[in-house]
Amino acid sequence: AHAISLDKKSTQQLLAALPYSLTPDQKAVAWEILQDMNTSYPMNRLLQGDVGAGKTIVAALAMLNVVRAGYQFALMAPTEVLATQHYNTLRAIFDIHGVSTTLLTSSIPSQEKKRMIAAMCDGSVDGVIGTHALIQEKVAFRHLALAVVDEQHRFGVKQRRTLREKNSDGVMPHLLSMTATPIPRSLALTIYGDLDISTIRTLP
């Protein structure tokens, strides 16, 4: 994996621009993720928290640091509705920081899809939010350093692995899985193997 160093200035700028402060839980799990990514060993972390607990902003902090280090991120969601929600949320956070994102779903016209895939391949887009369309054959990234999978229990092991293998530079990206359905640690380890778990326990 690409080791991602913490960009303190950009992180502080993003946090300062938010209309709210992070909760202690959000800060703690964000720090765990950022520490995990600051190593060449691929992160495999599961982020648990109820709907509305603020998992997306925690993921956004990781995404921002990936982009500032010169790499790309991808977020895969199980439905077009959820992918669009994430895209709109991340656009609202990222647009003022110059982070370019695009939305890739199966309903996007083929010509537009070709342009998006070309931008992902040549690295001219920083991040892609999408559905299963992200793991289609023609999709590839120039430098994918972080793959985020939302509601990861709705995807099979093979689908998650396929997303991680979409990297043209041959380097395994860090993997952050997110779920609003708590999974007991013993079960998670049985299903997913070597996995670290972060939990946001309190709602903002």
Side-chain angles (χ1 to χ4, degrees), residues 1-2 4 33 37 42-47 51 55-56 58-60 62-67 69-95 99-181 183 188 191-195:
H2 293 290
I4 308 297
I33 291 163
M37 294 199 309
M43 170 177 75
N44 186 16
R45 187 168 284 278
L46 175 66
L47 175 57
V51 173
K55 298 187 292 294
T56 307
V58 169
M63 293 167 179
L64 178 75
N65 279 278
V66 161
V67 172
Y71 302 108
Q72 294 167 294
F73 68 84
L75 187 157
M76 185 165 71
T79 67
E80 199 159 322
V81 169
L82 198 52
T84 304
Q85 282 178 356
H86 279 305
Y87 174 67
N88 290 334
T89 300
L90 291 170
R91 280 282 307 272
I93 295 167
F94 284 150
D95 275 3
V99 175
S100 60
T101 54
T102 190
L103 176 66
L104 184 66
T105 65
S106 54
S107 66
I108 286 168
S110 58
Q111 283 301 109
E112 180 69 14
K113 200 176 285 184
K114 279 180 186 173
R115 282 198 295 273
M116 284 182 187
I117 291 171
M120 290 153 65
C121 289
D122 67 20
S124 57
V125 67
D126 297 319
V128 182
I129 297 94
T131 54
H132 294 77
L134 282 176
I135 52 176
Q136 290 172 348
E137 278 180 34
K138 293 175 184 173
V139 173
F141 292 83
R142 187 172 185 186
H143 294 305
L144 181 65
L146 174 65
V148 181
V149 181
D150 192 24
E151 293 303 326
Q152 51 79 45
H153 60 280
R154 310 244 317 248
F155 294 100
V157 173
K158 187 178 178 185
Q159 290 170 319
R160 292 195 299 274
R161 189 187 302 130
T162 301
L163 179 60
R164 293 185 87 174
E165 290 169 352
K166 286 288 180 183
N167 214 356
S168 300
D169 66 10
V171 180
M172 178 69 79
H174 298 288
L175 176 65
L176 176 65
S177 301
M178 302 195 297
T179 182
T181 309
I183 300 170
I191 301 171
Y192 306 113
D194 183 20
L195 180 75

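The figures that follow rest on heavy atoms only: side chains count, while hydrogens, waters and symmetry mates do not.
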**Q** Say whether, by atom type as modelled, one donor and one acceptor occur between the side chain of Asp126 and the main chain of Ser100 under 3.5 angstrom.
**A**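 At least one qualifying donor-acceptor pair exists.
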
**Q** Using every non-hydrogen atom in the two residues, find where Pro42 and Pro173 come nearest and quote the distance to one decimal.
**A**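 Minimum heavy-atom contact is CB-O, 4.1 Å.
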
**Q** Is a side-chain N or O of Lys166 found less than 3.5 angstrom from the main chain of Gln136, in a donor-acceptor match?
**A**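 Present.
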
**Q** Short question: side chain of Glu151, backbone of Met178 - any donor-acceptor pair under 3.5 Å?
**A**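 No, the answer is negative, given that no donor and acceptor are paired below the 3.5 Å cut-off.
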
**Q** Is any side-chain heavy atom of Ser106 closer than 4.5 Å to one of Ile108?
**A**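 In short, these two side chains do not touch, never coming nearer than 4.5 Å.
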
**Q** Applying side-chain contact (heavy atoms from CB on, under 4.5 Å) to Val128 and Leu75, what does each step give before you reach the verdict?
**A** CA-CA 6 Å; Val128 182; Leu75 187 157; over 6 Å; no

**Q** Any side-chain heavy-atom pair from Leu64 and Val99 closer than 4.5 angstrom?
**A**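 Yes; the side chains approach each other to less than 4.5 Å.
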
**Q** To the nearest 0.5 Å, what is the distance between OG1 on Thr101 and CD1 on Ile129?
**A**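 Those atoms lie 4.5 Å apart.
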
**Q** Quick one: closest heavy-atom pair of Ala133 and Val139, and the distance?
**A**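 For Ala133 versus Val139, the nearest heavy atoms are O-CG2, 3.4 Å.
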
**Q** Closest approach of Tyr71 and Ile4, non-hydrogen atoms and distance?
**A**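 Closest pair (atom of Tyr71, atom of Ile4, distance): CD1-CD1, 3.5 Å.
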
**Q** Verify side-chain contact (heavy atoms from CB on, under 4.5 Å) between Leu176 and Ile33, making sure each step is shown before the conclusion.
**A** CA-CA 8 Å; Leu176 176 65; Ile33 291 163; 3.8 Å; yes

**Q** Between Arg142 (side chain) and Cys121 (backbone), is there a donor-acceptor pair under 3.5 Å?
**A**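 Not at all, since once roles are kept as given, no pair shorter than 3.5 Å links the two residues.
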
**Q** Any non-hydrogen side-chain atom of Asn167 less than 4.5 Å from a side-chain atom of Met172?
**A**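 Side-chain contact under 4.5 Å: no.
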
**Q** So how far is it from Thr105 OG1 to Leu82 CG, rounded to the nearest 0.5 Å?
**A**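 Answer rounded to 0.5 Å: 12.5 Å.
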
**Q** Please determine whether side-chain contact (heavy atoms from CB on, under 4.5 Å) holds for the pair Thr131 and Met76, giving the CA-CA distance in whole Å, both sets of side-chain angles, and the decisive distance to 0.1 Å.
**A** CA-CA 5 Å; Thr131 54; Met76 185 165 71; 5.9 Å; no

**Q** Atom CD1 of Ile117 and atom CG of Asp122: how far apart are they, to the nearest 0.5 Å?
**A**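 Here the rounded value is 12.0 Å.
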
**Q** Could you state the interatomic distance from CG (Leu104) to OH (Tyr87), rounded to the nearest 0.5 Å?
**A**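 Answer rounded to 0.5 Å: 11.5 Å.
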
**Q** Keeping His174 on the side-chain end and Met43 on the backbone end, is there a donor-acceptor pair under 3.5 Å?
**A**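 Checked: pair present.
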
**Q** Taking Ser168 for the side chain and Phe141 for the main chain, is one N or O donor matched with an acceptor at less than 3.5 Å?
**A**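 Flag set: sc Ser168 to bb Phe141 pair under 3.5 Å.
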
**Q** Flag the pair Met63 / Leu146 as yes when at least one side-chain heavy-atom distance between them is below 4.5 Å, and no otherwise.
**A**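 Sidechains of Leu146 and Met63: in contact.
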
**Q** Grab the two heavy atoms, one from Asp150 and one from Pro78, that are nearest each other, plus how far apart they are.
**A**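 Heavy atoms only, the tightest pair is O-CD, 3.4 Å.
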
**Q** Does Gln72 use its side chain to pair, donor to acceptor, with the backbone of His143 at less than 3.5 Å?
**A**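 Yes.
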
**Q** Checking Leu163 against Val149 for the side-chain contact (heavy atoms from CB on, under 4.5 Å) test, could you report, in this order, the C-alpha distance in whole Å, the side-chain angles of both residues, the deciding distance, and whether it holds?
**A** CA-CA 9 Å; Leu163 179 60; Val149 181; 4.0 Å; yes

**Q** Tell me if a side-chain donor or acceptor on Lys55 pairs with a main-chain N or O of Leu47 at a distance below 3.5 Å.
**A**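 Between the backbone of Leu47 and the side chain of Lys55 there is no qualifying donor-acceptor contact (under 3.5 Å).
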
**Q** Rounded to the nearest 0.5 Å, how far apart are OG1 of Thr162 and CD1 of Ile135?
**A**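 Answer rounded to 0.5 Å: 5.5 Å.
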
**Q** What's the separation between atom CE in Met116 and atom CG in Leu103, rounded to the nearest 0.5 Å?
**A**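 Taking CE in Met116 and CG in Leu103, the distance rounds to 6.5 Å.
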
